[in-house]
Amino acid sequence: MNKLTPPGVSSSYVFSTPESSTPMATNCTDYEPSRIEAHWREYWDRNGTFRAPDNSDKPKYYVLDMFPYPSGAGLHIGHPEGYTASDILSRYKRGRGFNVLHPMGWDAFGLPTEQYAIKTGTHPSETNARNIVNFRAQIKRLGFSYDWSREIDTTDPGYYRWTQWIFLQLFKRGLAYVDERPVWWCPELKTVLANEEVIDGRSERGDHPVERRNLRQWVLRITAYADRLLEDLKSLDWPDSTKRQQEAWIGRSEGAEIEFPVADTENETLKVFTTRPDTLFGATYMVVAPEHPAVRNIVTPEYREAVDRYVRQATQKSDLERTDLAKEKSGVFTGAHAINPINESRIPIWVADYVLISYGTGAIMAVPAHDERDYEFATTFDIPVIQVIQNPGAPAEERDQPPYTGPGKLINSGSFSALDSDEAARRITERLAEEGRGRATVQYRLRDWLFSRQRFWGEPFPVVWIPEEDYDRLEPHLRPEQPVHYRSEGRGWYAAALDESQLPLELPEVESYQPSGTGESPLANESAWVDVWYDTRTGATIAATEPKPDGDRWISARRETNTMPQWAGSCWYHLRYLDPHNDQAPVDPKLFEYWGTPDYYIGGAEHAVLHLLYARFWHKFLHDIGVVTDPEPFKKLFHQGIILGEDGEKMSKSRGNVVNPDSVIEEHGADSLRAYLMFLGPLEAMKPWKSQGIEGIVRFLKKVWREVIDREGNRQGKIVDGEETDSQTLRLLHETIKKVGEDIEALRLNTAISQMMIFVNHIQKTDTVSLDTARTLVRLLAPFAPHLAEELWERLGGSPSVDHAPWPEYDPARLESETVKVVFQVNGKFRGDALVAKSADQDAVLATAREQDRVAAHLDGKNIRKVIYVPGKILNIVAT
RNA sequence: GCCCGGAUGGCGGAAUGGUAGACGCUGCGGACUUAAAAUCCGCUGGCCGUAAGGCCGUGGGGGUUCGAGUCCCCCUCCGGGCACCA
């Protein structure tokens, strides 16, 4: 019926009648990217071409980009790399009949904006708004098919209201608490820095030295999810390296907790964690971390001075100094001894900074014969080494050379001797458990998440601090499962929840963004905001500057002045896109039911553990409280590689090798930039930019243009109506449909473009090409160069948008041919080829091969020993 | 130190165990042009050869196989992650 459609190509293209509608394409005669791109960008905007309707019978497909921090520096070339890949996938999936959700937004809380505010006094929201306008314009210039009606901004109170809401749920369920912790303090910047803002002991911004200070911090109990975060990794389709990084970060290890009584004390004991309870008989000393609270209690008078001095020194060292492996082990004896619970032997207790207070119990049993660190320490301080495991593998002369850290048979271990270490570990743990002196446990390297920052530009915490004497009056729904309490200057305070109706708790206007210098956020100076009357029954607040309302349920309270870290907003943004304007819930469950979690998540590998772990944690929590029905947020993840400067070095202002997307677009057009970014190499690879290289892509797009549009701006005369008649063209077309589709699905976008180049090079050499072939080519090109494709699509009689036209199907029958090329080898070396009938058998092919002079020459004087024939591929003659 | 990933022409890269170098850049030669640009055509891994063709060649060394860039073992270099986690 539809004669315009080549066999196997879907036939439901809709064509407009040019006379009855205003012309929508430009009238360019040459390929003029700037005109064409501006024209179609405007068309898409006006028509809402990429709106993703919530009510659709189509299956959904959700493609998510990691949203950017809208910095004042503008778009970096790395942004459009990932964004182009996801856009190609989105446009392809639309062609495949999916209702595609492809949103964009702004991760806009952040340090640079605040630093700018400190310097200039400009409100961060003002700077932010300006940066977003700039970023949005830059992103739009690339022609991405985002549904801009779903744009979100983490600093918008309408958004962070729900970030605060999620925090409240965490708080109420006992997953948020406060703790006094050492944090990085930068005296020069007069502020606390997050771990990720400290590089090698200096501030990321300004390169100033930083030091440790103890401050009261909010902490999220991510460790409660450690097991699930680890276990569920297995189900994710993520790059292996990223999964491994998360696995290592969580760092699960199985072992035992063992209690060592301290000799000559009432009932002081030291609890240790070990993964090797089988080596317990080899414990010749113990070590406690300098910060360990037991140090003060166990140290004997004659050692007190030395221990005090050592502890003081250790705590003053930076983490960097303490973890410097090159340095010698240090430590001091406490004068105290512990009793090994398995054999009652008396062993000395030392303090040493190679034991960390933050892991396990902050104390270890040291087994120098079977642990490298303990061995190094023991040899430094002349502590005995007792071998308890025999190395089964090594040659005899090395066998008993300590330290041996592998498994083996136990020796010198009483009734446990001769057992294998695995078995012994189990039995020794059992024995200790029976006696109440130990138990099997699991430890994680993962620490609870330090969640507060002493900054202005972040989400305020939706809690107040109330005096401890008022806590009894607090209604249960405003209390967390575990009370959150701290003492300061002789007074005790409890944290109490704001009522949800109080959200969003907005940032106040402040006089100065300058940190107070005491380790508090600038908010601490704003007493008009900080001091409130708090309703212990409803969780409502009013400013303390107002008269206190009647009734004894109102009490005086102080707001929390820390703010949340930048990671908070990005922990759940993938959900907000589904329902960006909802003021009743973070996301409507009905909309979640339809859209679900992203089907594809594309972004940089630099967030392998931070954002991707935090977001999994929050998502699992939201799953637990019934907000979402799916326990994982990102099932399929892809990391785009880094683009280096032309010199092969990382792009940086100081090197002067930065490529600015805007100037590339100005020079060559957005379509060329998009296609070139994809053509550079495999998406996941690190690869250098070459400004000359883009010329090849520009030539390719120009070539496509000229194959379709002649110099007068009309359709090329060589394009003829009707089916494709040239069988070679048809086969190559179907090969191209197949390869481009498969390559897009696997994000092999460089080879997809190569294939289209091969095809265009081919039709350039033909005298005629059918209209359907031309349309199919344009359809395939559309995800890569959407502006050009829209233009050509319409000028070939198609109706915009090309994005809504169905993706062509290839016909497997068209890929077959009667004859196949078989390669001839003699002894594995290429000696010619020939086209043979597909049905030809080995003998026939061998005969053909032997007729060739070149093959014959290499067989001359030899006997054929063997012939290997892979039908349709290769014939290898083994001859000697 | 441990754990990953990688190494292919002058360059970016392509190759289900089956013609290594697709596609593109660069370079060279040619067509068109008064000329240039643009465009088009041809060549472009090394060595030998007028050519046909031959030999060598995917970081280095071994192995498996009729056949290895691809699989296995050892080594070198580069990139990334972790780093006293008991």
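Below, chains carry the letters A, B, ... as their sequence lines are ordered, and counting in each starts from 1.
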Q: Name the nucleic acid region contacted by A:S253, choosing base, sugar-phosphate or nothing; use a 4.0 angstrom heavy-atom cut-off, strictly under.
A: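 A:S253: backbone/sugar contact only, no base atoms under 4.0 Å.
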Q: Determine whether the aromatic ring centres of residues A:F381 and A:Y285 are separated by less than 6.0 angstrom.
A: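 Aromatic pair excluded; centres sit 6.0 Å or further apart.
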Q: Should B:G53 be called syn or anti, with syn set as within 90° of 0?
A: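 Anti, since the glycosidic angle lies more than 90° from 0.
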Q: Can you check the distance between B:C11 and B:G21, where both ends of the measurement are the C1' atom (answer in whole Å)?
A: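 After rounding to an integer number of Å, I get 13 Å for this pair.
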Q: Between side-chain atoms of residues 843-858 of chain A and protein atoms elsewhere (two or more places apart, or another chain), which donor-acceptor pairs fall under 3.5 Å?
A:
from	atom 1	to	atom 2	distance (Å)
A:T848	OG1	A:A844	O	2.9
A:Q852	NE2	A:D833	O	3.0
A:H858	NE2	A:R831	NH1	3.4

Q: Of A:G693 and A:G360, whose closest RNA chain B nucleotide lies nearer the 5' terminus?
A: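 The 5'-side residue here is A:G693.
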Q: Taking only side-chain N and O atoms of A:N827, does any of them lie within less than 4.0 angstrom of OP1 or OP2 on B:C66?
A: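 No, because none of the side-chain N or O atoms of A:N827 sits under 4.0 Å from OP1 or OP2 of B:C66.
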Q: Distance check needed: B:G13 P versus A:I697 CD1, whole Å only.
A: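 So the two atoms are 15 Å apart, to the nearest Å.
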Q: So which heavy atom on A:E247 is nearest to which on A:L230, and how close?
A: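 Taking every non-hydrogen atom into account, CG-CD1, 3.5 Å.
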Q: Please, which pairs that meet salt bridge (Lys or Arg N to Asp or Glu O under 4.0 Å) have at least one residue in residues 860-879 of chain A, sequence neighbours excluded?
A: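 Every candidate salt bridge (Lys or Arg N to Asp or Glu O under 4.0 Å) pair involving residues 860-879 of chain A fails, so no pair, neighbours aside, qualifies.
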Q: Sequence neighbours excluded, which residues qualify as side-chain hydrogen bond (donor to acceptor under 3.5 Å, both in side chains) partners of A:E646?
A: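 Once residues adjacent in sequence are excluded, the partners of A:E646 under the side-chain hydrogen bond (donor to acceptor under 3.5 Å, both in side chains) criterion are A:S691.
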Q: Taking the same atom, P, in B:A22 and in B:G10, what whole-Å distance lies between them?
A: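 My reading of the P atoms in B:A22 and B:G10 gives 14 Å.
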Q: From the set B:C84, B:A22, B:A86, return the single nucleotide nearest to any side-chain atom of A:D353.
A: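 Within the option list, the nearest is B:C84.
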Q: Around A:K650, counting heavy atoms of other residues, nucleotides and ligands shown, do more than 12 lie under 6.0 Å from its NZ?
A: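 For A:K650, atom NZ is not crowded (no more than 12 foreign heavy atoms under 6.0 Å).
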Q: Apply side chain to side chain contact (heavy atoms under 4.5 Å, CB included) to A:K718 and list each qualifying residue two or more places apart in sequence or on a separate chain.
A: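 For A:K718, the residues satisfying side chain to side chain contact (heavy atoms under 4.5 Å, CB included) (neighbours in sequence not counted) are A:E707, A:Q716, A:T766, A:V769.
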Q: Just so I know, are the side chains of A:T736 and A:M757 near enough to count as touching, which here means a heavy-atom distance under 4.5 Å?
A: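 Answer no - side chains too far apart.
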Q: Under the rule for side-chain hydrogen bond (donor to acceptor under 3.5 Å, both in side chains), what residues qualify as partners of A:R706, not counting sequence neighbours?
A: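 Expected list: A:D30.
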Q: If I pick the C1' atom on B:C25 and the same atom on B:U70, what distance separates them, to the nearest angstrom?
A: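 Roughly 27 Å separates the two C1' atoms.
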Q: For the residue pair A:P384 and A:T284, what are the closest heavy atoms and their distance?
A: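 Closest pair (atom of A:P384, atom of A:T284, distance): O-OG1, 2.9 Å.
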Q: Pick the P atom in B:G63 and in B:A15, then give their distance to the nearest Å.
A: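 These two P atoms come out 30 Å apart once rounded.
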Q: When rounded to the nearest Å, what value does the distance between C1' atoms of B:G9 and B:G61 take?
A: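 Comparing C1' positions in B:G9 and B:G61 gives a spacing of 24 Å.
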Q: Less than 4.0 angstrom between a side-chain N/O of A:H858 and OP1 or OP2 of B:G54, yes or no?
A: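 For B:G54, OP1/OP2 do have a side-chain N/O of A:H858 under 4.0 Å.
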Q: What's the CG-P distance between A:D853 and B:G54, to the nearest Å?
A: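 Interatomic distance, CG of A:D853 to P of B:G54: 12 Å.
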Q: Classify A:R706 by what it touches in the nucleic acid, base, sugar-phosphate, or nothing, heavy-atom distance under 4.0 Å.
A: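 Nothing, no heavy atom under 4.0 Å.
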Q: Tell me, which of residues 866-880 of chain A have any heavy atom that sits under 4.0 Å from an atom in RNA chain B?
A: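 Here the set is A:K866, A:I868, A:V870, A:K873, A:I874, A:N876, A:V878.
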Q: Say you draw a straight line from OG1 of A:T84 to CG of A:L749; how long is it, rounded to the nearest 0.5 Å?
A: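 The OG1 atom of A:T84 sits 9.5 Å away from the CG atom of A:L749.
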Q: What residue pairs, at least two apart or across chains, pass salt bridge (Lys or Arg N to Asp or Glu O under 4.0 Å) with a residue in residues 275-285 of chain A?
A: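 Qualifying pairs, neighbours excluded: A:R276-A:D278.
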Q: Rounded off to whole Å, could you give me the OH-to-C1' distance for the A:Y444 and B:C82 pair?
A: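 Taking OH of A:Y444 and C1' of B:C82, I get 19 Å after rounding.
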Q: For A:Y676 and B:C25, give me the distance from atom OH to atom C1', rounded to whole Å.
A: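 Those two atoms, OH and C1', are 8 Å apart.
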Q: If each of A:T361 and A:V609 is mapped to the nucleotide of RNA chain B with the nearest heavy atom, which maps nearer the 5' terminus, i.e. the 5' end?
A: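 Of the two residues, A:V609 wins.
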Q: Taking atom CD1 of A:I719 and atom CD1 of A:I709, what is their separation to the nearest 0.5 Å?
A: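 Here the rounded value is 7.0 Å.
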Q: Can you tell me the distance, in whole Å, between the CG atom of A:L701 and the P atom of B:C23?
A: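 To the nearest whole Å, that distance equals 18 Å.
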Q: How close do A:P688 and A:L680 get, counting heavy atoms only, and between which atoms?
A: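 Smallest heavy-atom distance, with atoms named: O-CD2, 3.5 Å.
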Q: Taking the minimum atom-to-atom distance to the side chain of A:Q245, which one of B:A86, B:G81, B:C23 wins?
A: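 Output: B:G81.
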Q: In whole Å, what separates the P atom of B:A20 from that of B:G69?
A: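 It works out to 8 Å between them.
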Q: Checking contacts here: which listed nucleotide (B:G54, B:A86, B:C84) is nearest the side-chain heavy atoms of A:I364?
A: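 Looking only at side-chain atoms, A:I364 lies closest to B:A86.
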Q: Report each atom pair, protein N/O against N/O of nucleotides 37-46 of chain B, whose distance is under 3.5 angstrom.
A:
from	atom 1	to	atom 2	distance (Å)
B:C40	OP1	A:Q764	NE2	3.1

Q: Considering only atom P, compute the distance from B:G54 to B:C4 and round it to an integer number of Å.
A: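 Going atom to atom, P in each nucleotide, I get 44 Å.
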Q: Side-chain N or O of A:R831 less than 4.0 angstrom from OP1 or OP2 on B:G54?
A: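 A:R831 to B:G54 OP1/OP2: side-chain N or O found under 4.0 Å.
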Q: Base, backbone or nothing for each nucleotide of nucleotides 4-12 of chain B, written B, S, -, heavy atoms under 4.0 angstrom, 5' to 3'?
A: S------SB
Q: Would you kindly give the CD-to-C1' distance between A:Q692 and B:G27, to the nearest whole Å?
A: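 Answer to the nearest Å: 11 Å.
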Q: Could you go over nucleotides 68-71 of chain B and give all protein N or O partners under 3.5 Å, atom names and distances?
A:
none

Q: Could you tell me if the side chain of A:R674 sits less than 4.5 Å from the side chain of A:F784, heavy atoms only?
A: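 They are not in side-chain contact.
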Q: Going by salt bridge (Lys or Arg N to Asp or Glu O under 4.0 Å), name the pairs with one or both residues in residues 687-703 of chain A, residues two or more places apart or in two chains.
A: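 For residues 687-703 of chain A, and leaving out neighbouring residues, the salt bridge (Lys or Arg N to Asp or Glu O under 4.0 Å) pairs sorted by first residue read A:E81-A:K687.
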Q: Looking only at the side chain of A:K329 (C-beta and beyond, no hydrogens), which of the listed nucleotides B:A14, B:C84, B:C23 gets closest?
A: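 For the A:K329 side chain, the nearest candidate turns out to be B:C84.
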Q: Quick one: which of B:A15, B:C82, B:C23 gets closest to the side chain of A:R445?
A: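 Closest nucleotide to the A:R445 side chain: B:C82.
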Q: I'd like the P distance from B:C84 over to B:C2, given in whole Å.
A: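 Straight-line distance between the two P atoms is 15 Å.
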Q: In whole angstrom, what separates A:M756's CE from B:G24's P?
A: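 In whole Å, B:G24 P lies 13 Å from A:M756 CE.
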Q: Calculate the interatomic distance between A:K829 atom NZ and B:C66 atom C1'; express it in whole Å.
A: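 So the NZ-C1' distance, A:K829 to B:C66, works out to 14 Å.
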Q: Could I get the full list of ring-ring contact (aromatic ring centres under 6.0 Å, His included) partners for A:W689, not counting sequence neighbours?
A: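 Scan of A:W689 (ring-ring contact (aromatic ring centres under 6.0 Å, His included), adjacent residues dropped) gives A:Y676.
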